Number of protein chains: 2
Amino acid sequence: MKGTVGELGEFGLIKELTSRLTSTPAVRIGPGDDAAVVAAPDRRVVASTDILLEGRHFRRDWSTAYDVGRKAAAQNLADIAAMGAVPTSLLLGLVVPADLPVTWATELMDGIRDECQVAGAAVVGGDVVRGEVITLAITALGDLRGHEPVTRGGARPGDVVAYTGWLGWSAAGHAVLSRGFRSPRAFVEAHRRPEPPYHAGPAAAGLGATAMCDVSDGLIADLGHIAEASKVRIDLRSGAIDIPSQMHDIGQAVGVDPVQWVLTGGEDHAIVATFPPDAKLPARWKTIGEVLNPSGAPQVTVDGIPWHGGSGWDHFGDGS
Amino acid sequence: MKGTVGELGEFGLIKELTSRLTSTPAVRIGPGDDAAVVAAPDRRVVASTDILLEGRHFRRDWSTAYDVGRKAAAQNLADIAAMGAVPTSLLLGLVVPADLPVTWATELMDGIRDECQVAGAAVVGGDVVRGEVITLAITALGDLRGHEPVTRGGARPGDVVAYTGWLGWSAAGHAVLSRGFRSPRAFVEAHRRPEPPYHAGPAAAGLGATAMCDVSDGLIADLGHIAEASKVRIDLRSGAIDIPSQMHDIGQAVGVDPVQWVLTGGEDHAIVATFPPDAKLPARWKTIGEVLNPSGAPQVTVDGIPWHGGSGWDHFGDGS
């Protein structure tokens, strides 16, 4: 595949992109008609949209097109899982500059397709438009399979707070990359290609989760959304969160307390949820705090003390 | 509402935009959580995405923000109707420059909301991102209400071709605007704010439509999609298409044969469909041609003669 998107033309590019796609039994009508048709056996559909711009949300010199695709799809599919639903499908609106190599676009599509497959979903439609800045507009759809959706608003005092997936890995990888390093590879990879625990969203709904969201802005910030929507205080026990020794090593090398990454780093798309105190959580869920009556405004505290993201960040001497 | 999007900030803007929205009984969870939840009683969901850029798809000096919103929503909702489905909801990804007046964004939202209401749908979610070029990424969802989706691929020789809605009005309005005029108002309005016959899509499915699409690229082009997908020839009778006298007047004033606008003008989002020859079509459907066995490649003919968009266009002396 040689040449630029401008040379290939919009029609040729769409043909090239759709030819790479795979399908699932849920896809009743895929790309190419006025609209796609996807199974929604639950009689409700879960839908989420994100828009990503080059320079702001990804960099072509830091990530391959394939990884940009994986990450962009993961970000949206994780939102579906975080409602307790199973992702079924994804639509892609794509703005491409005329001088973009066709291979960049096809590798992006491969990444989106593969991440969809990981989550059990398929790309069912989209739109391609010529423009100056590479822009991805992704909409993901999902099915609740009979579960009630788990919102941010259902946490109750007495509930426990637990998460599954990865916390702080992407932020540690970002710190490594922004200092010009390419290793440790596991963290750089985590930054380039997060691995949301898709299965855990619907599983949490089945376990009776009262509130849930994916960790995209950082644990404190996202639990803050739950605290606010549920009108509760959430208290975390900092000692309960596992910090791998390698993350400590990176922290020492770059002068950052890794607790920082774990509490405020986003983009790993871990899933954090609140459960009734008697919920039997599988080993992959780590209990890290509890839900309390709010004393004053809803907020998140760490070891009983209000966490101030900004100053906390500054305190650790890293303003990046 | 004063100031720019940059002054208000992303969070403030999202709050301002969502505060203007209305809901419907189909909306189970609206904006503000990880994802929206919308009723899909048919157990299938219809979904379509379009991306629109300032300068390419709309101009701020030609259309108000409100009209841009109406038109952008209409374009997507019409795709849902053209599958035979009832639009239920819409998601909006929005890129806004920092210096954009907040009022432009809120009026855009008002337009999207109002067009959704016309179609019976509601805005259920979205994303707002700062960027250089105003970009709208719209995804519309719909419900089939027990009808089978009407694709482009089901037209059969012997079927009749019929349309409902408006043809050529937007193109005539565009011709008026591009010559610096602001009237006749009805055509300028049709360009700024198309009125797709949303109800006609599901109605056509109920009437037994064998193939259907909305007219976004132009009647010939869109029937060409049906001809290709159905592997048939479609022959139009040019005399069967109503051309209002005022459109003739504009044609004379700007030196364009209005048949041109009717056959090749897009953006009115009329709905064109093929029906079995014995279908009883209500008066709002105008029969304009028939489906034939393809002699050679699938194509669209006018009065039995192949239509060559490009040369036809040139023939009428207008290359705009």
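Only heavy atoms go into these numbers, but all of them, side chains included; no hydrogens, no water, no symmetry mates. Quantities reported herein were computed from a predicted structural model and do not represent experimental measurements. Every chain is numbered from 1, with letters handed out A, B, ... down the list of sequences.
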State the CG-OG distance between L91(B) and S48(A), to the nearest 0.5 angstrom. 7.5 Å
Closest contact, heavy atoms only, V45(B) versus A40(A): N-CB, 4.2 Å
Can you give me the closest heavy-atom contact between T139(A) and T139(B), atom names plus distance? OG1-OG1, 2.7 Å
Please look at L141(A) and chain B and tell me whether the side chain, the backbone, both or neither of the residue comes under 4.5 angstrom of a heavy atom of that chain. side chain
Chain A interface, residue from G153(B), A229(B), A47(B), G125(B) that has the most non-hydrogen pairs under 4.5 Å: A47(B)
CD (E132(A)) and OG1 (T135(B)) are apart, to the nearest 0.5 Å, by 11.0 Å
Separation between OG1 (T49(A)) and CG (D127(B)), nearest 0.5 Å, reads 8.0 Å
So does Q299(B) have more than 12 non-hydrogen atoms from other groups sitting under 6.0 Å from CD? yes
Taken to the nearest 0.5 Å, the spacing of L144(A) CG from R28(B) CZ works out to 10.5 Å
Among V38(B), L52(B), N76(B), residue most engaged with chain A (heavy-atom pairs, under 4.5 Å): V38(B)
What's the spacing between R130(B) CZ and L53(A) CG if we round to 0.5 Å? 11.5 Å
Crowded around E54(A) CD? As in, over 12 foreign heavy atoms under 6.0 Å? yes
Grab the two heavy atoms, one from D33(A) and one from R152(B), that are nearest each other, plus how far apart they are. OD2-N, 2.9 Å
Between V46(A), T88(A), L94(A), D143(A), who has the most heavy-atom pairs with chain B when the cutoff is under 4.5 Å? V46(A)
So which atom in M212(A) and which in D34(B) form the shortest heavy-atom distance, rounded to 0.1 Å? O-OD2, 3.4 Å
Using non-hydrogen atoms and a 4.5 Å limit, figure out which bit of V133(B) sits close to chain A: side chain, backbone, both or neither. neither
Region of H225(B) in contact with chain A, defined by heavy-atom distances below 4.5 Å: neither
Counting only heavy atoms from other residues, nucleotides and ligands, does the tally under 6.0 Å from CZ of R60(A) exceed 12? yes
Identify the two heavy atoms, one from V37(A) and one from R44(B), that lie closest to each other, and give their separation to 0.1 Å. CG1-CB, 3.9 Å
Counting heavy-atom pairs under 4.5 Å to chain A, which of S216(B), A137(B), P41(B), G32(B) comes out on top? P41(B)
